[in-house]
There are 2 protein chains.
Amino acid sequence: MKIDPKNPADLSAQIAKAIRDAIISGALPVDERLPSEAELAEQFAVSRPTVREALKRLAAQALIRTQRGATGGAFVNRLRFEEAYGQQITTSTLLLSMNDVSFATACEARYALERACAPLSALRRTADHLATMRAEAHRQSQPGLTDEAFCASDVAFHRALVDAAGNPVLSYQLAGAVEAMQPLMNMITFSARSRERIIALHTAIADALEAQDGAAADQNLAALATYTQELAQSVFATRLAARNGPLGSGGS
Amino acid sequence: MKIDPKNPADLSAQIAKAIRDAIISGALPVDERLPSEAELAEQFAVSRPTVREALKRLAAQALIRTQRGATGGAFVNRLRFEEAYGQQITTSTLLLSMNDVSFATACEARYALERACAPLSALRRTADHLATMRAEAHRQSQPGLTDEAFCASDVAFHRALVDAAGNPVLSYQLAGAVEAMQPLMNMITFSARSRERIIALHTAIADALEAQDGAAADQNLAALATYTQELAQSVFATRLAARNGPLGSGGS
DNA sequence: AATTTTCATTTGTCAGACAATTAAACGTCT
DNA sequence: AGACGTTTAATTGTCTGACAAATGAAAATT
């Protein structure tokens, strides 16, 4: 943990890495208090602002939390699944938007992963999960619902489906795939007929889970995946035709 | 982006959030240069060290990169899948170790997700992927291989399996599930017979992918999942018996 | 004994300074 | 004019010293 070569650049990054490694290796257990900033500065032979920059890096990853006062300081933070969800979603969303991931690719990943949950969800779904799914399916059938609200409800439905698997690791991994799709889904306008079809599939999935029929849930999820892909394709094709059609190609 | 209430605590966190939101919303596109630290300090009406702490938070999430010099500064970073892997693996590993996730739970999640890749991998696997999987399977059969090296090769095998699906989003999501399992797997001692069984299943999986038979790949993955669970259970049971047996219960 | 006050410790922030780096602007020589 | 070396300005990285705010513990008081 006292590694610090003599290249006086990226000092804060090096210190952050040293502490991070100590946490990962278990040398610094959860809730352990780190030395004060002044002590760390002395140990690493750097100034306090440099130490603070290192600590802020760790805080940004939720690896530590800080507390002011006499008995305060920086403490190794217990990374909880709920906190990690946020990071996971942010990162996934940015990955999709910054790397021009196609709708098809993201959609394929999302439904492949969801289908992985289906058999477990069928086994372990509770009344709570079923109620959430039914409630969201019902909300989706409300007239006058905006496309954005429809998408949000869609996400909530699928979150419940994933959580029903009763495996926090799966829920965590899936959070990114499901939530990061929302900006892409928001680009789609859902006609009344397409909403009807989606809601029918949602209902069928909820029915399958209620009957603890994993195969049926998987089948309907596959159908939903196919339908979503087709829908997106037709929407994008229509939009492209409109751009290249009467108004000519090109634009701002 | 100029939000900054009057509570003078967590200023650097607030500034980081403001800039992060601007990046996520797209107001700051990739490769856009942020104002210099001095300018940011003026804009947010804080000191330069505070701005720097905010920037370090963003740098820790790979949202920005900095460059010294006349035309230097902080630039919005294109978040690449390869960089995100590392973060994902670190977070997943810590989540498992800090929350006392059982081997069974992590293993279930991992194989459920891998099985989601199987049909796609069967469709799209290239000669490269097959060669990697064969090579790792062969390495696993080397005598004198340490348990740790065996596990590392196991991870490499499964990474190739996942990458064969040709979907970067899947590869990213799976990276955490697969790699974070390694510390847990390292707790297992693999007997020669159990290695043989695992290698046989690996070979069967590679065969199935080569034949583009997704169902067979899925079946063998399921078998591997079951076998791994059984193996872990017996290892842990043996270890528990040894602790509670001749030496009595309890310990440091 | 209970309550209030004081105090020491620690993080959060600020101001100013200097070093290191880097590219552009400038000047010089061919 | 063009190529090449030099200067310069801008910017990040780091340091020093300082003060404010929070907070729990110790001391003083009732």
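All values reported here derive from a predicted model rather than from experimental measurement. Every chain is numbered from 1 and lettered A, B, ... according to where its sequence line falls, protein lines coming before strand lines.
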Whole angstrom value for the distance that separates P of C/dC14 from CZ of B/Arg52: 15 Å
At less than 4.0 Å, is any side-chain N or O atom of B/Thr66 found next to OP1 or OP2 of D/dG13? Yes or no. yes
Return the orientation label for the A/Tyr85 and A/Tyr172 ring planes: parallel under 30°, perpendicular over 60°, tilted otherwise. parallel
Rounded off to whole Å, could you give me the CD1-to-C1' distance for the B/Ile15 and C/dC14 pair? 13 Å
Round to the nearest Å and state the distance from B/Glu37 atom CD to D/dT12 atom P. 4 Å
Given C/dA8, D/dT12, C/dC14, which nucleotide is nearest the side-chain atoms of A/Ala70? C/dA8
Within the structure provided, determine whether A/Arg65 and A/Arg78 are in side-chain contact (heavy-atom separation under 4.5 Å). no
Between A/Thr71 and D/dG24, does any side-chain N or O lie under 4.0 Å from OP1 or OP2? no
Verify whether one side chain among A/His129 and A/Thr132 offers a donor that lies under 3.5 Å from an acceptor in the other. no
When the distance from CG of A/Asp10 to C1' of D/dT14 is rounded to whole Å, what number comes out? 12 Å
B/Glu53 has a side chain; which of C/dT13, D/dC15, D/dT12 sits nearest to it? C/dT13
Of all the choices, C/dT13, D/dT16, C/dG12, which nucleotide is nearest to the side chain of B/Leu11 once you look at every atom? C/dT13
Consider only side-chain N and O atoms of A/Asp163 and A/Ser171, and report whether a donor and an acceptor are under 3.5 Å apart. yes
Need one value for A/Arg33: base, sugar-phosphate or nothing, where a base atom within 4.0 Å counts as base even if backbone is also close, heavy atoms only. sugar-phosphate
Polar side-chain contact A/Arg48-D/dG17 base: donor and acceptor under 3.5 Å: no
If you check every side-chain atom of A/Thr50, which of C/dA15, D/dC15, C/dA20 has the closest atom? D/dC15
Just how far, in rounded Å, is P of D/dT12 from NZ of B/Lys56? 9 Å
